There are 2 protein chains.
Amino acid sequence: MLTRERIVAAALALVDAEGADALSMRRLGAELAVDASSIYYHVPNKAALEDLVVDAVMSEVDLSADDPAAPPPARVLTALRGMAEALFAHPRTLPLFASRSLTTPESLRPIEHLIGVMRETGMNYPRCVAAVNALSFYVLGATTAQAVGMLEEDRDARAAAALAALPAEEFPHITAAIATPGLLGDAEEFELGARAMIAGLLAEG
Amino acid sequence: MLTRERIVAAALALVDAEGADALSMRRLGAELAVDASSIYYHVPNKAALEDLVVDAVMSEVDLSADDPAAPPPARVLTALRGMAEALFAHPRTLPLFASRSLTTPESLRPIEHLIGVMRETGMNYPRCVAAVNALSFYVLGATTAQAVGMLEEDRDARAAAALAALPAEEFPHITAAIATPGLLGDAEEFELGARAMIAGLLAEG
DNA sequence: ACCTGAACACCGTTCAAGT
DNA sequence: ACCTGAACACCGTTCAAGT
């Protein structure tokens, strides 16, 4: 029996293994030993399926490390770490996050959690939402930047070549930045940026 | 005569008018009154074309408002405003930004500029890059959030319906946030988040 | 040098028909 | 209720051939 769960699990596995471009209804059907058209009985269309893949990844976020007694900045940092961990476990789904949206209660739980923590600082809702939005995009950005290294196959040699070909006189900083080895590990870099953003966003509350 | 410039201009116009999904080599060929295969003489493939569309938008960023004598935080804010303005002028290209990368000198100029300004605070290169990365993703995130309102056609009614259907007991904050009218205009919200991030990122320099 | 046409190997989606 | 098969209207990319 085909179920929505089986379909989503197969779709996520396919994206993990071969990238977002490899996800097609026909290919997915083959993977499930079923005709492509059968999928439409369980999922309205491909866009909805992509939403569900994004939901599945976001549902893996572990919020159990939260200590409700800790100060808000520490709690937010813990939550962001949890998000980064889940995203990093599925780097090839990252492009989907930008164009798709969260649709299930399970996947919206981390967002609910973050708004709740921000809220305890006395910030009003519109500002909480803006702050959570900024933080979420930071996590997505930092995770994407880290994933670039491990996904050379997906990555365009073109982009790297373009950076390398940049005239050093006109682009001294980019040139120098490329030449400077990352003094910080990825994890430390993530922490630094996250702490900075949290401090900034909570300071003006 | 077909040129790379004409192709990119037509591609950007097409995405602006009908969204990123409408961009196909065949459709673009029709728009240029040329066979789809002719495009391959000027651009290696569709991924490269999408890179060039992203480059074209980023090249529109106006950095002329920069005052080199101003303090770094003010200069960074000015640059982010310029980026947001350019992105907001082409909201339907935003999904492309997440999956494509900048490849031309013109489009990398705002990045070079930002790194340079950060650099004047004495921050080392890896941290400058991390900071600029975080700020860029903030601009992308904030712009995307703002664009959602004006692009209902692209937007899934599914996403909105999912939020509305969320059980209020389990998701009190999201429910409340939806019900709370945006007290801040989009522009003010962008400014607040941007100032907060800049303050946070420059503070620990 | 620049463009075309045909071909190859794919797509997403619908819908009558089967069980 | 659940799945299939065929069909429709598309795709990206290649490559010999034309001018």
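All values derive from a computational prediction rather than experimental measurement. Per chain, numbering begins at 1; letters A, B, ... match sequence-line order.
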With a non-hydrogen cut-off below 4.0 angstrom, is S24(A) in contact with a base, only sugar-phosphate, or nothing? sugar-phosphate
Under a 4.0 Å N-O cut-off, is there an ion pair linking [X] with [Y]?
{"X": "E31(B)", "Y": "R27(B)", "answer": "yes"}
{"X": "E191(A)", "Y": "R195(A)", "answer": "yes"}
{"X": "E170(B)", "Y": "R109(A)", "answer": "yes"}

Rounded to whole angstrom units, what separation is found between the [atom1] atom of [X] and the [atom2] atom of [N]?
{"X": "E18(B)", "N": "dC10(D)", "atom1": "CD", "atom2": "P", "result": "13 Å"}
{"X": "M25(A)", "N": "dC3(D)", "atom1": "CE", "atom2": "P", "result": "14 Å"}
{"X": "D21(B)", "N": "dA9(D)", "atom1": "CG", "atom2": "P", "result": "20 Å"}
{"X": "L49(B)", "N": "dT13(D)", "atom1": "CG", "atom2": "C1'", "result": "14 Å"}
{"X": "I39(B)", "N": "dA1(C)", "atom1": "CD1", "atom2": "P", "result": "20 Å"}
{"X": "K46(B)", "N": "dC11(C)", "atom1": "NZ", "atom2": "P", "result": "14 Å"}
{"X": "R27(B)", "N": "dT13(D)", "atom1": "CZ", "atom2": "C1'", "result": "20 Å"}
{"X": "N45(A)", "N": "dT14(C)", "atom1": "CG", "atom2": "C1'", "result": "13 Å"}

Determine the interatomic distance between P on dA9(D) and the same-named atom on dA9(C); round to the nearest Å. 23 Å
Comparing R26(A) with S38(A), nearest DNA chain D nucleotide closer to 5' gives the residue S38(A)
Closest of dT13(D), dC2(D), dC3(C) to the M1(B) side chain is dC3(C)
Per atom distances to the S37(B) side chain, the nearest of dC3(D), dG5(C), dG5(D) is dG5(C)
Between A147(A) and F88(A) the two heavy atoms that sit nearest each other are N-CE1, 4.2 Å
All heavy atoms of M25(A) vs all of K46(A), minimum pair found to be SD-CG, 4.0 Å
>> Is there a side-chain contact (heavy atoms from CB on, under 4.5 Å) between V139(B) and F190(B)? Walk through the geometry before answering.
In response: CA-CA 8 Å; V139(B) 173; F190(B) 174 81; 4.3 Å; yes
[N] OP1/OP2 closer than 4.0 Å to side-chain N/O of [X]:
{"X": "H42(A)", "N": "dC3(D)", "result": "yes"}
{"X": "Y41(A)", "N": "dC3(D)", "result": "no"}
{"X": "Y40(A)", "N": "dT13(C)", "result": "yes"}

Those stems involving DNA chain D that have three or more consecutive Watson-Crick or G-U pairs, both distances under 3.5 Å, are C:4-8 with D:12-16, C:12-16 with D:4-8
Per nearest nucleotide of DNA chain C, the residue lying toward the 5' end, A33(B) or D35(A), is A33(B)
Residue set satisfying side-chain contact (heavy atoms from CB on, under 4.5 Å) with S107(A), at least two apart, ordered chain then number -> D55(A), M58(A), S59(A), L102(A), T104(A)
